[in-house]
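Data block below; observations after.
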Amino acid sequence: MKKKLWILPLFFLFFSCSAITHRIGESNIEKGIAIYQKRGLTTDGFRELIDGLECAPDSLKGIESLNFQYSQLLEQTNRLLEQKTYTIADLNALKLYLYASDRYITLEKKVPQLSLNSNVLYNNKIKIAKVFEDYVLNQKFDGLSRQVKLEKIFYFKSLITHIPNSKIREVITKLEQEISINLYITSNSNNRYVPVDIQNILIGVADRYKNKDLGNYIYFRGYNYFNQSYANNAYLVELSFYRFETPLLEISERKQNTGSKTIISQQKKLILTGEYKIINPKTYKVIEIKPINIENKYTLEMIKTDNTTTFSNEREILKKILEEKFRELMLYNLKNTKNFN
């Protein structure tokens, strides 16, 4: 009897979850149909429609709409494949066919009413692969900016998402090599009169994130040591610091443990200003100069009891602040440089 009492809640829980999933699927189907009615054949429309049928595979409305839209997409693809030249819009339409076909195939296992002609798809994929390949191989890249080449890389990658192509991959690899940026950091500042060794802190952070991918083919290669050979497309980031101060802002005192413990707090501010230059080490041309302005409040405490007196370690506090600020500079600020060729 106890077993039956446990089974009933589980049954109702499973049923309610299935019902919710089914309603979500029907909602997606309605969205997919609405997108088609408003915008025609689109990736968004097929995504909503197929996601909906995965949750509600018995929806006749969804099945009929998918079959109708897919048949239209197939007719459009057949017309496009008869052309001799192709626009970006044409290529995107062929990409949509590949996306919808791959999603359609996975859905066939759940929805018996769906059936895709695999021979037609196979032959069309061969033709589309040739269209994509010809388009990429006929592209000219001389004189293009790094940003334009970057956009072409992303677009070429989208062309081989559903159909791998070694020739297109070779073009992508060549472009990647051309636009990759390697950043090395260094400092020429004199830290003799400051309470922390800024250069050693900088080196420690740089070594921690050496060879970090910053995104968009920009790589941080660590600290620049003497007699170092640079990789291709290398840039040197030279940091200079002009002002280091830790002014006292406020002092306060409080007592604890019925007056047996006295805590004296000093609120201070770290101020570090300077600049960093991004330099081409082959030509020594400065391509960008940006300011460094670090301001960070921190608190020091002296704790005095009847028997002991302890102090905050100001050097360690300053070190942690600078490590975090240098980390932000290396991982986030450098990749936003606009003047890379």
Side-chain angles (χ1 to χ4, degrees), residues 1-81 87-129 131-132 151 154-164 215-216:
M1 185 69 182
K2 288 183 178 180
K3 287 185 178 180
K4 289 183 179 180
L5 291 175
W6 278 102
I7 292 172
L8 283 173
L10 290 174
F11 172 78
F12 286 118
L13 179 63
F14 174 77
F15 180 79
S16 61
C17 289
S18 299
I20 291 170
T21 301
H22 197 276
R23 284 200 297 273
I24 292 172
E26 290 178 332
S27 175
N28 287 342
I29 289 168
E30 292 297 333
K31 289 178 184 176
I33 293 172
I35 290 172
Y36 169 75
Q37 291 172 342
K38 187 175 182 179
R39 294 159 49 192
L41 300 171
T42 63
T43 301
D44 291 340
F46 273 104
R47 183 185 298 114
E48 291 287 355
L49 195 54
I50 294 173
D51 285 349
L53 279 168
E54 285 180 341
C55 296
D58 58 344
S59 170
L60 293 178
K61 189 175 184 179
I63 294 168
E64 290 174 1
S65 182
L66 179 59
N67 278 330
F68 174 73
Q69 289 189 40
Y70 188 81
S71 66
Q72 284 201 323
L73 183 60
L74 179 59
E75 290 177 8
Q76 174 182 275
T77 300
N78 290 335
R79 289 195 302 271
L80 287 172
L81 290 175
T87 64
I88 292 292
D90 295 334
L91 298 180
N92 290 339
L94 295 176
K95 284 167 54 182
L96 173 58
Y97 169 74
L98 296 174
Y99 167 79
S101 297
D102 283 356
R103 293 293 309 273
Y104 194 107
I105 289 171
T106 60
L107 196 59
E108 279 183 320
K109 300 172 184 177
K110 286 188 174 182
V111 185
Q113 297 94 322
L114 297 178
S115 179
L116 183 146
N117 190 320
S118 58
N119 290 329
V120 171
L121 177 59
Y122 176 77
N123 290 330
N124 282 343
K125 279 190 171 183
I126 293 175
K127 296 174 183 177
I128 292 171
V131 170
F132 289 172
E151 291 168 1
F154 293 144
Y155 189 71
F156 294 167
K157 282 185 174 182
S158 74
L159 296 180
I160 58 175
T161 300
H162 301 281
I163 309 177
N216 285 348

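Since the structure is predicted, the reported quantities are computational estimates derived from the model, not experimental observations. We number each residue from 1, following the sequence as shown.
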Which residues pass the side chain to side chain donor-acceptor pair (under 3.5 Å) test with [X], not counting sequence neighbours?
X      : value
Glu151 : Gln147
Lys95  : Ser158
Asn28  : none
Ser71  : none

Do [X] and [Y] come close enough that some side-chain heavy atom pair is under 4.5 Å?
X      : Y      : value
Leu107 : Leu66  : yes
Ile33  : Ile29  : yes
Phe132 : Leu94  : yes
Leu98  : Thr161 : no

Query raised in the report: Can you name the salt bridge (Lys or Arg N to Asp or Glu O under 4.0 Å) partners of Lys110, sequence neighbours left out?
Result: none
Report summary line: salt bridge (Lys or Arg N to Asp or Glu O under 4.0 Å) filter on Glu30, not counting sequence neighbours, yields Lys61
Report task. Could you tell me whether a side-chain N or O of Thr77 sits under 3.5 Å from a main-chain N or O of Leu73, the two making a donor and an acceptor? Result -> yes
Query raised in the report: Do side-chain atoms of Asn92 reach the backbone of Ala89 as a donor and acceptor pair under 3.5 angstrom?
Result: no
Query - Tyr97-Asn78 side chain donor-acceptor pair, cut-off 3.5 Å - result: no
Requested in this report: With sequence neighbours excluded, give me every ring-ring contact (aromatic ring centres under 6.0 Å, His included) pair touching residues 48-67.
Outcome: none
Report summary line: Hits for side-chain contact (heavy atoms from CB on, under 4.5 Å) against Ala129, two or more places apart or cross-chain, chain-then-number order -> Ile163
Report summary line: Applying side-chain contact (heavy atoms from CB on, under 4.5 Å) to Gln72 and not counting sequence neighbours gives Tyr36, Leu41, Phe68
Query raised in the report: Parallel, tilted or perpendicular for Tyr70 and Tyr104, by the 30°/60° rule?
Result: tilted
Throw together a table of side-chain donor-acceptor distances under 3.5 angstrom for residues 114-123, partners on residues two or more places apart or in other chains.
| from | atom 1 | to | atom 2 | distance (Å) |
| --- | --- | --- | --- | --- |
| Asn117 | OD1 | Asn119 | N | 3.1 |
| Asn117 | OD1 | Val120 | N | 3.2 |
| Asn123 | ND2 | Asn119 | O | 3.2 |

Report summary line: Rounded to the nearest 0.5 Å, the SG atom of Cys55 sits from the CZ atom of Arg23 at a distance of 12.5 Å
Requested in this report: Nearest 0.5 Å please: distance from the CD atom of Gln113 over to the CG atom of Leu60.
Outcome: 7.0 Å
Requested in this report: Please report the C-alpha distance between Ile128 and Leu80 in whole Å, then the side-chain angles of each, then the deciding distance to 0.1 Å, and finally whether the side-chain contact (heavy atoms from CB on, under 4.5 Å) criterion is met.
Outcome: CA-CA 10 Å; Ile128 292 171; Leu80 287 172; over 6 Å; no
Query raised in the report: What are the two closest heavy atoms between Gly32 and Gln69, and how far apart are they?
Result: O-NE2, 4.0 Å
For residues 45-54, tabulate all N or O donor-acceptor pairs below 3.5 Å that involve a side-chain atom, not counting sequence neighbours.
| from | atom 1 | to | atom 2 | distance (Å) |
| --- | --- | --- | --- | --- |
| Arg47 | NH1 | Asp44 | OD1 | 2.9 |
| Asp51 | OD1 | Arg103 | NH2 | 2.7 |

Query raised in the report: Please, which pairs that meet salt bridge (charged side-chain N to carboxylate O under 4.0 Å, His left out) have at least one residue in residues 117-126, sequence neighbours excluded?
Result: Asp102-Lys125
